[in-house]
Amino acid sequence: MLGDRAVGADRGPLDDAVEQLAEACDLLGYDEGTFQMLAAPRREVTVSIPLRRDDGSIEVLTGHRVQHNLSRGPAKGGLRYSPHVDLDEVRALAMWMTWKCALMELPYGGAKGGVTIDPSRYSRAELERVTRRYTAEILPVIGPTRDIPAPDIGTDEHTMAWMMDTYSVANGHTVLGTVTGKPVSLGGSLGRAAATSQGVVHVAVAALRHQGIDPGGATAAVQGFGKVGRGAARFLAAGGVSVLAASDEHGAVWSPDGLDVPALEDHVDRVGTVVGFPGATVIDNEALLTLDVDLLVPAAVECVLHGGNAAAVQARLVVEGANGPTTTEADRILQARGVLIVPDILANAGGVVVSYFEWVQANQAYWWTEAEVEERLAVRMTTAWDQVQTESRERGLPLRAAATCLAVRRVAEAHQQRGLYP
Ligand code: NAD
């Protein structure tokens, strides 16, 4: 295979991302040079973020912004605040954004940003200072025609408002298209907050039907109860799927009769975790992944389905709400066992689709109704699902390889048409 990399215990998301690209390049008959061109990030910026803490002390944090590809348009991708952020993780996430944007036919390349920080240990004022300084440091490479950040793990609409304001102050005028996922009162799109989860559920329902399972009688487990997992649980339950289990970083809860998702959301708003939800049994976080359900939605972090637990997964369908939740080894084990995996670059693309709608609305200063946004999102998700199905059928490929091939081909064509400079 092209770009062979060592297989070892310390593999991370970047190894999986590069291996997926190498497999797609092999399938598409691309040479080593094309693979290298598609694998290498166009730009990487690492910055120090000196922070004055509320107690007057100074702490220096590290942030990154990686623009993996710019061939099809400005870079697009989220900003993550997590203690686990490192450059290789950001590189992997940026590469997946390139394929996701190409798969959804959005006029973007791919990027990702991250700051190595545990946001739960900092005050809101400190997080604002971190965000503003990080934005100021990466200012030369971002903007509506360069690279448009959005929320990801540990960041939200407030983070985006601070980024937009910092960029706008530096430029002397308000630039709404700087970031997406902003508050609606500040040029955010109606429907953006729920878009990723809605997209996950659009493809989950299509995939359940594809597997011959009636969504109305299906059962599901959702890992992660943040911006993606929580909404996914809500829309699944609203669609008649019985959500038997949900988890967050503090633990997991399970009920054989199905969780009352709106009540669970109220509980999380009050207590800050799913743990302690009345009437549900606390189970081990890992146990959620191997429950006897039709549908598993990992919507937390990378590499949670791995060689050590993939053989025990009982779900017939995995829909990747998170980016990179399934390692390459787990992918092979699950495929061999006939488990259908809807890959991240398709399953969770609803967020970037509505981010694109938000950017379009901001650039035109003309706002759509929520119904317009939801309808256009549904069309985009269904179209992408159909295209991946067709590619999978025609080439005899699993959905991940089919989706990656489709996306990589579009990016490679853009490279080819633009030519190499000089
Ligand atoms: P978030 O910070 O809002 O939520 C993350 C959730 O995962 C939290 O509930 C956290 O407690 C939980 N979690 C963390 N580690 C866990 C573990 N080991 N077991 C169980 N739960 C755990 O983040 P988010 O925006 O919901 O992002 C989740 C995933 O979805 C990430 O992979 C992200 O890249 C991806 N994603 C997000 C968006 C978006 O629009 N927010 C779009 C596409 C993809």
Side-chain angles (χ1 to χ4, degrees), residues 13 16-17 76-85 89-90 92-97 99-101 103-104 110-114 117-120 149-160 179-182 188-189 191-200 203 221-234 245-253 264-265 268-269 271-275 283-289 296-306 309 319-326 343-356 358 377 381:
D16 293 325
K76 185 90 189 77
L79 169 63
R80 178 173 293 195
Y81 284 181
S82 154
H84 308 294
V85 162
E89 183 192 57
V90 180
L93 292 163
M95 186 186 290
W96 284 323
M97 282 307 299
W99 314 142
K100 195 181 298 181
C101 291
L103 182 66
M104 303 312 290
K112 202 79 180 191
I117 182 174
D118 177 354
S120 67
D152 190 76
I153 292 178
T155 57
D156 57 18
E157 60 175 26
H158 303 296
T159 323
M160 295 304 114
V179 292
T180 58
K182 298 181 294 295
S189 178
R192 171 60 183 91
T196 308
S197 314
Q198 260 178 353
V200 165
V203 292
V222 179
Q223 184 196 39
F225 212 71
K227 294 184 288 297
V228 179
R230 178 179 173 146
R234 185 191 318 135
S247 66
D248 58 30
E249 61 199 302
H250 306 290
V253 290
L264 179 60
E265 289 202 70
V268 170
D269 285 341
V271 182
T273 169
V274 297
V275 178
I283 57 167
D284 187 69
N285 227 326
E286 270 281 304
L288 176 139
L289 300 169
L296 175 62
V297 181
V301 290
E302 298 97 53
C303 302
V304 295
L305 296 172
H306 46 74
N309 62 9
V319 176
E320 296 184 335
N323 287 308
T326 312
D344 44 11
I345 60 171
L346 170 62
N348 68 34
V352 73
V353 167
V354 178
S355 271
Y356 165 61
E358 179 175 331
L377 170 64
M381 295 307 300

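Quick caveat: nothing in here was measured; it's all calculated off a predicted structure. Counting starts at 1 for both ligands and their atoms, following the listed order.
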Find all atoms of ligand 1 within a distance of less than 4.0 Å from any non-hydrogen atom belonging to [X], and give their numbers and elements.
{"X": "S247", "result": "20 (C)"}
{"X": "R80", "result": "31 (C), 32 (O), 33 (C), 34 (O)"}
{"X": "N285", "result": "19 (N), 20 (C)"}
{"X": "G321", "result": "30 (O), 35 (C), 44 (C)"}

Looking at every heavy atom in both [X] and [Y], which two are closest together, and how far apart are they?
{"X": "G154", "Y": "P119", "result": "O-CG, 4.0 Å"}
{"X": "V222", "Y": "L288", "result": "O-CD1, 3.7 Å"}
{"X": "P151", "Y": "K227", "result": "CB-CE, 4.2 Å"}

T196: partners by side-chain contact (heavy atoms from CB on, under 4.5 Å), with sequence neighbours left out: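 Partners of T196 by the side-chain contact (heavy atoms from CB on, under 4.5 Å) criterion, ordered by chain and then number, come out as R192, V228, N348.
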Which residues share a side-chain contact (heavy atoms from CB on, under 4.5 Å) with K76, sequence neighbours left out: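 K76 satisfies side-chain contact (heavy atoms from CB on, under 4.5 Å) with C101, Y108, I148, A150, T180, V352, S355 once adjacent residues are dropped.
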N309 (side chain) donor-acceptor with V304 (main chain) under 3.5 angstrom: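 A pair under 3.5 Å: yes.
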F225 backbone acceptor or donor facing D248 side chain under 3.5 Å: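 No: the side chain of D248 does not pair with the backbone of F225.
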Nearest option to [atom], as decided by whichever heavy atom of [options] sits closest:
{"atom": "atom 20 (C) of ligand 1", "options": "T155, V268, D248", "result": "D248"}
{"atom": "atom 38 (C) of ligand 1", "options": "D344, V352, I153, V228", "result": "V228"}
{"atom": "atom 29 (C) of ligand 1", "options": "G181, G324, A300, G77", "result": "A300"}

Protein heavy-atom partner closest to [atom] - residue, atom, separation in Å:
{"atom": "atom 8 (C) of ligand 1", "value": "G226 N, 3.9 Å"}
{"atom": "atom 33 (C) of ligand 1", "value": "D152 OD1, 3.2 Å"}
{"atom": "atom 40 (O) of ligand 1", "value": "T196 OG1, 2.8 Å"}
{"atom": "atom 12 (C) of ligand 1", "value": "E249 N, 3.8 Å"}
{"atom": "atom 1 (P) of ligand 1", "value": "K227 NZ, 3.6 Å"}
{"atom": "atom 32 (O) of ligand 1", "value": "N323 N, 3.0 Å"}

Contact partition for [X] relative to ligand 1, non-hydrogen atoms under 4.0 Å:
{"X": "A299", "answer": "backbone"}
{"X": "R192", "answer": "side chain"}
{"X": "N348", "answer": "both"}
{"X": "H250", "answer": "neither"}
{"X": "Q223", "answer": "side chain"}

Check: T155/D152 side-chain N/O donor and acceptor closer than 3.5 Å: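 Absent: no donor and acceptor within the cut-off.
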So, is [X] polar-close to ligand 1, with some N/O to N/O distance under 3.5 Å?
{"X": "G154", "result": "yes"}
{"X": "F225", "result": "yes"}
{"X": "E302", "result": "no"}
{"X": "G229", "result": "no"}

Flag if over 12 foreign heavy atoms under 6.0 Å of NE2, H250: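 Enclosed: over 12 neighbouring heavy atoms sit under 6.0 Å from NE2 of H250.
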Rounded distance [0.5 Å steps], OG in S82 versus CD in E249: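 If I round to the nearest 0.5 Å, the distance is 9.0 Å.
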L305 CG to Q223 CD distance, which is reported to the nearest 0.5 Å: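 Between atom CG of L305 and atom CD of Q223 there are 7.5 Å.
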Contact check, side chains of R80 and E89, non-hydrogen atoms, under 4.5 Å: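 Yes, side chains in contact.
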Matching residue for D344 among V319, V200, N323 - test: side chain to side chain contact (heavy atoms under 4.5 Å, CB included):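 Output: one option passes, namely N323.
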